[in-house]
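Okay, structure first, notes after.
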There are 2 protein chains.
Amino acid sequence: MSSHDANTRTRILDASVRLMADRGGKGVRMGDIAKAANISRQAVYLHFTSRAELLEATTRHLDRQLNLEHRLEPSRAATTGADRLARYIEFWGNYIPEIYPVAKALLLAQDTDEAAATAWRERMQAMRDGCRAAIEALAADGDLAPQWTAERATDMLWTLLSVRNWEQLTQDCGWPASQYIQWMQTVAHRTFVAN
Amino acid sequence: MSSHDANTRTRILDASVRLMADRGGKGVRMGDIAKAANISRQAVYLHFTSRAELLEATTRHLDRQLNLEHRLEPSRAATTGADRLARYIEFWGNYIPEIYPVAKALLLAQDTDEAAATAWRERMQAMRDGCRAAIEALAADGDLAPQWTAERATDMLWTLLSVRNWEQLTQDCGWPASQYIQWMQTVAHRTFVAN
DNA sequence: TTTGCAACTTGACACAGTGTCAATTGACAC
DNA sequence: GTGTCAATTGACACTGTGTCAAGTTGCAAA
């Protein structure tokens, strides 16, 4: 029965999100997720062909739960390019901490798993589109600093806002999330906005 | 005999560097290194207690081969803070590509191996010292942009210059090494130098 | 009531790569 | 000769993923 089916699938995804959050994404095995969902390990493979696929589905599940699209609205509604850039960074800086454990698991799986690497690349490509939109809004206002092309500026902003960088600043350097947002806005503004 | 001992050790390290360079650091197993050094897999464990230790020794071996200290001189000899910053980025941008395969292997081992994670952290801490020196030279000239403290600016520069960022810009975005240097200098200058 | 399908369970197994252990060989030194 | 040290050979434990085959349960349509 397909409703039963969907329920089990959802239960797996919920369990996956929960475990990732608990353990910071590290050391969550297929068997752990199965156990947390009150299901056999093999049943998980009935719904997801591989760990990578499950991980990817987990991030999408989380995006839906966190209402990703709704959160992007302030940035999209901005009236100037500089404002759009600042709001995008604010959105992202508030979003990362919520997806971090799951993202981290996907990030770790990358090294061994080609499918996970592809899944991650796709996710980051979507994030890149947001960067490009902000940079292009800036360029449309004539406010992109003259040494940049839109393409290179997008590359650089995208890199600046990577999950790894967030991780390093907040985990290793101990910055609070609010400071991450503030300083990233500062760097982006000074770097990309013509003065 | 200890000279024989040292020879074998060196042979292992040379083989390790060679294989890493060939395969980009990925998928280099203990057995491969042993074979390349004309030695049994177990003999490697006679010289290095674990893969992580071997990897770390490989990076140090490479630093010596590449004359790390000598390469740092231009940056240390700079007369202004802004110059020191630019020269440090230039050094680093030229250095990363040479150590990248080995660094990548150490980076990958991190996820499974606590010892590798510690080794990497130590290496990056050393790099951080270079960042701090550049930022402090800038501050000593009174040229550090007023919103920054030396500590936060160091955090940010250190993050900006991470191997992951270099990887993303040159591998994923396809920037040539020369462009990496140029644009990183641009970002750092606009971000940290008072105008 | 029977038949049949679909979701799920159980248990066993292959595979990769790391690290460990024990027994053995070969060379050189004293 | 005897001791010692480097190195070899081969077997094995361990971990986690993914696969396979055979059996169970429950619901549904005939």
Side-chain angles (χ1 to χ4, degrees), chain A residues 1-16 19-20 23-58 104-119, chain B residues 1-16 19-20 23-58 104-119:
Chain A
M1 202 191 242
S2 82
S3 84
H4 191 223
D5 186 13
N7 273 335
T8 304
R9 191 187 153 91
T10 304
R11 230 170 50 235
I12 295 171
L13 291 173
D14 286 339
S16 179
L19 282 187
M20 297 288 176
R23 307 195 197 169
K26 211 160 188 166
V28 177
R29 292 157 298 189
M30 295 299 269
D32 298 334
I33 295 169
K35 201 180 292 176
N38 277 313
I39 234 177
S40 69
R41 190 171 71 92
Q42 283 58 27
V44 178
Y45 284 98
L46 258 35
H47 294 268
F48 306 93
T49 63
S50 70
R51 187 181 148 79
E53 196 185 305
L54 169 57
L55 251 31
E56 203 213 327
T58 304
K104 178 77 178 171
L106 195 51
L107 217 40
L108 289 173
Q110 259 192 113
D111 304 331
T112 42
D113 202 316
E114 200 42 53
T118 304
Chain B
M1 204 190 245
S2 83
S3 83
H4 191 223
D5 186 14
N7 273 334
T8 304
R9 191 187 153 92
T10 305
R11 232 172 47 235
I12 295 170
L13 291 173
D14 286 339
S16 179
L19 280 186
M20 297 289 175
R23 307 196 198 168
K26 211 160 190 166
V28 177
R29 293 156 297 188
M30 295 299 268
D32 297 335
I33 295 169
K35 201 177 293 173
N38 277 313
I39 235 178
S40 69
R41 190 171 71 92
Q42 282 60 25
V44 178
Y45 285 98
L46 258 34
H47 294 269
F48 306 94
T49 63
S50 70
R51 187 181 149 79
E53 196 187 304
L54 169 56
L55 251 32
E56 202 213 328
T58 303
K104 178 74 178 176
L106 195 52
L107 216 42
L108 289 172
Q110 258 191 114
D111 305 332
T112 42
D113 203 316
E114 200 42 52
T118 305

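Below, chains carry the letters A, B, ... as their sequence lines are ordered, and counting in each starts from 1.
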**Item:** B:Asp14: partners by salt bridge (Lys or Arg N to Asp or Glu O under 4.0 Å), with sequence neighbours left out
**Value:** none
**Phosphate-side-chain proximity, A:His47 and C:dA7, N/O vs OP1/OP2 below 4.0 Å** = no
**Prompt:** Which atoms form the tightest heavy-atom contact between A:Ala115 and A:Ala52, and what is the distance?
**Reply:** CB-CB, 3.6 Å
**Message:** Enumerate the salt bridge (Lys or Arg N to Asp or Glu O under 4.0 Å) contacts for residues 40-56 of chain B, please, sequence neighbours excluded, ordered by first and then second residue.
**Reply:** B:Glu56-B:Arg60
**Prompt:** Whole Å only: how far is the CD atom of A:Glu114 from the C1' atom of D:dG18?
**Reply:** 17 Å
**Request:** Count the heavy atoms of every other residue, nucleotide or ligand shown that sit under 6.0 Å from NZ of B:Lys35, and state whether that count exceeds 12.
**Result:** no
**Prompt:** Whole Å only: how far is the CG atom of A:Leu108 from the P atom of D:dG16?
**Reply:** 14 Å
**Complete:** If each end axis of the helix from C:dT1-D:dA30 to C:dC30-D:dG1 is fitted on five C1' pair positions, the angle between them, to 10 degrees, is 20°
**Request:** Let me know the distance between CD1 of A:Ile33 and C1' of D:dG16, rounded to the nearest Å.
**Result:** 12 Å
**Side-chain heavy-atom pair A:Gln110, A:Leu107 within 4.5 angstrom cut-off** = yes
**Prompt:** For every nucleotide of nucleotides 9-22 of chain C, 5' to 3': is a protein heavy atom under 4.0 Å from its base (B), only from its sugar-phosphate (S), or from neither (-)?
**Reply:** SBBB----SBBBB-
**Item:** B:Ala109 to B:Leu55 - nearest heavy-atom pair and separation
**Value:** CB-CD2, 3.8 Å
**Request:** Would you mind listing every salt bridge (Lys or Arg N to Asp or Glu O under 4.0 Å) that reaches into residues 105-117 of chain B, with sequence neighbours excluded?
**Result:** B:Glu114-B:Arg121
**Asked** Taking the side chain as C-beta and beyond, is there a heavy-atom pair between B:Phe48 and B:Thr58 under 4.5 Å?
**Response** no
